[in-house]
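Below: the structure, in structure tokens.
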Protein chains: 2
Amino acid sequence: MTTAEATPAPTAACCTVGPGGGVVDDEAAHQLAKVFKALGDPTRVKLLLLIAASESGEMCACDLTEPVGLSQPTVSHHMKQLVEAGLVAREQRGKWAYYRPTTAALSAATGFLTQDERLSDSPAATVNPHSI
Amino acid sequence: MTTAEATPAPTAACCTVGPGGGVVDDEAAHQLAKVFKALGDPTRVKLLLLIAASESGEMCACDLTEPVGLSQPTVSHHMKQLVEAGLVAREQRGKWAYYRPTTAALSAATGFLTQDERLSDSPAATVNPHSI
DNA sequence: CGGCGATATAGACAAATGTCAATATGTGGT
DNA sequence: ACCACATATTGACATTTGTCTATATCGCCG
């Protein structure tokens, strides 16, 4: 399964409370962790934000190595992680590979957590510049 | 500093675009990654959700080992990670340690990402239920 | 004050992770 | 068909991570 991606938060299967279990499905926990683990590296955070902040919303792989200051194979490896986590989509155009963010995995993952009111602070979300 | 925590999203220092840099502060990327890395393990996801789903919103450390099926030192280690990431707060009461979720780090981290409209599917703020 | 129960720390160890240099694969141009 | 360039894969390596057992520390209660 190299191309698992997607299916980050099963939505259902919420309360599997039990003696040896927990409040969350084991597979759900793994999916959640997979997405967050992909974001658990500074380089990948930079890459994702870099692409997201780009003018066209997508970036060529060739433009990613220089900003993070790592070798081409390393960046390729990181991008693969992001793709497999469902955080970005890869598209080959000509001999270049383009990456663009995909929102589903991230919003599903964070949504799965903040679904629990104990994990979401109520009002005007966090760092929202629109509050003014 | 072992007890860094908090300060997950510097709010400012947004666009440090540069030749060897990126769109994001190096320290900010590390902070973001720290929070997400803490969530990048299935056991810690389970622990956080377990506590968040508890009746009182807090749980004694002694009640955490059994649901995840790991040894006491291992659970203690995971909880330390969550505390250092600023995702839960620890309080000693009597001879028991109680943990409760704290929303600041998570919402700041996710907010920092979804601040970029390319990373959020909803129009305005992130995951804000007050939009209705 | 001595002991007991709860939690944290230390040490050990296998597995996973991040990185690079070297190489393979793929894609278009000549 | 060949070559040049862009990207991915492989293999190697040091570092980090998750887990355990054993031990230390902390906090009550007799």
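Chain letters run A, B, ... following the sequence lines, proteins first and then strands; every chain starts at 1.
Rounded to an integer number of Å, the gap from B/Met79 CE to C/dT9 P is 13 Å. Computed from coordinates, the B/Leu70 CG to D/dT17 P distance equals 17 Å when rounded to whole Å. Look at NZ on A/Lys46: it is 10 Å from P on C/dT19, rounded to the nearest Å. Going from atom OH of B/Tyr99 over to atom C1' of C/dA6 covers 11 Å, rounded to whole Å. Separating the CH2 atom of B/Trp96 from the P atom of C/dA8 is a distance of 14 Å, rounded to the nearest angstrom. When rounded to the nearest whole Å, the span between CG of A/Leu39 and P of C/dG18 equals 12 Å. Across the protein-nucleic acid pair, B/Glu91 atom CD and C/dT7 atom P stand 13 Å apart, rounded to whole Å.
B/Glu84 CD to B/Lys34 NZ: the interatomic distance, rounded to the nearest 0.5 Å, is 6.0 Å. Taking CG of B/Leu49 as the start and CZ of B/Arg44 as the end, the distance is 13.5 Å to the nearest 0.5 Å. Once rounded to the nearest 0.5 Å, the distance linking CG of B/Leu106 with OG1 of A/Thr114 reads 7.0 Å. Separating the CG atom in A/Leu32 from the CG atom in B/Asp41 is a distance of 12.0 Å, to the nearest 0.5 Å. Atom OG1 of B/Thr110 and atom CD of B/Gln115 lie 10.5 Å apart (nearest 0.5 Å). Here the CE atom belonging to B/Met79 is positioned 5.0 Å from the CG atom belonging to B/Leu82, to the nearest 0.5 angstrom.
B/Arg90 has no side-chain polar atom (N or O) that falls below the 4.0 Å cut-off from OP1 or OP2 of C/dT7. Taking 4.0 angstrom as the limit, B/Ser71 places none of its side-chain polar atoms (N or O) nearer than this to OP1 or OP2 of D/dT19. In terms of phosphate contacts, A/His78 brings no side-chain nitrogen or oxygen within less than 4.0 Å of OP1 or OP2 of C/dT17.
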Each nucleotide of nucleotides 22-28 of chain D classed B (base within 4.0 Å of a protein heavy atom), S (only sugar-phosphate) or -, in 5' to 3' order, makes B----SS

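Rounded to 10 degrees, the angle between the two end axes of the helix from C/dC1-D/dG30 to C/dT30-D/dA1 is 20°, with five pairs used at each end.
Projected onto DNA chain C by closest heavy-atom contact, B/Ala97 and A/Thr43 fall at different nucleotides, the more 5' of which corresponds to B/Ala97. Along DNA chain C, the nucleotide closest to B/Ser76 and the one closest to A/His77 are compared, and the more 5′ of them pairs with B/Ser76.
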Donor-acceptor list for residues 94-102 of chain A side chains, cut-off 3.5 Å, not counting sequence neighbours:
{"residue": "A/Arg100", "atom": "NH2", "partner": "A/Glu58", "partner atom": "OE1", "Å": "2.7"}
{"residue": "A/Thr102", "atom": "OG1", "partner": "A/Gly86", "partner atom": "O", "Å": "2.6"}
{"residue": "A/Thr102", "atom": "OG1", "partner": "A/Leu87", "partner atom": "O", "Å": "3.3"}

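Within residues 57-64 of chain B, the residues approached by DNA chain C to less than 4.0 Å at the level of any non-hydrogen atom are B/Cys60, B/Ala61, B/Cys62, in residue-number order.
Considering all non-hydrogen atoms of both residues, A/Ser71 and A/Thr74 come closest at OG-OG1, 2.9 Å. Nearest heavy atom pair, residue A/Cys62 against residue A/Thr65, reads O-OG1, 4.0 Å.
Considering only the side chain of A/Lys37, C/dT17 comes nearest among C/dT9, C/dT19, C/dT17. Of the candidates C/dA6, D/dC20, C/dT9, C/dT9 carries the atom nearest the B/Lys80 side chain, counting heavy atoms from C-beta on. Distance from the side chain of B/Arg44 is smallest to D/dG18 among D/dA8, C/dT19, D/dG18.
In this structure the side chain of B/Asp26 reaches within 4.5 angstrom of the side chain of A/Lys46, judged on heavy atoms.
In this structure, A/Glu117 has no side chain to side chain contact (heavy atoms under 4.5 Å, CB included) partners at least two apart in sequence or on a different chain. Under the side chain to side chain contact (heavy atoms under 4.5 Å, CB included) criterion, A/Asp116 pairs with A/Arg118, A/Leu119, B/Ala52, B/Ala53, not counting sequence neighbours.
Looking at heavy-atom distances under 4.0 Å, A/Tyr98 makes no contact with the nucleic acid at all.
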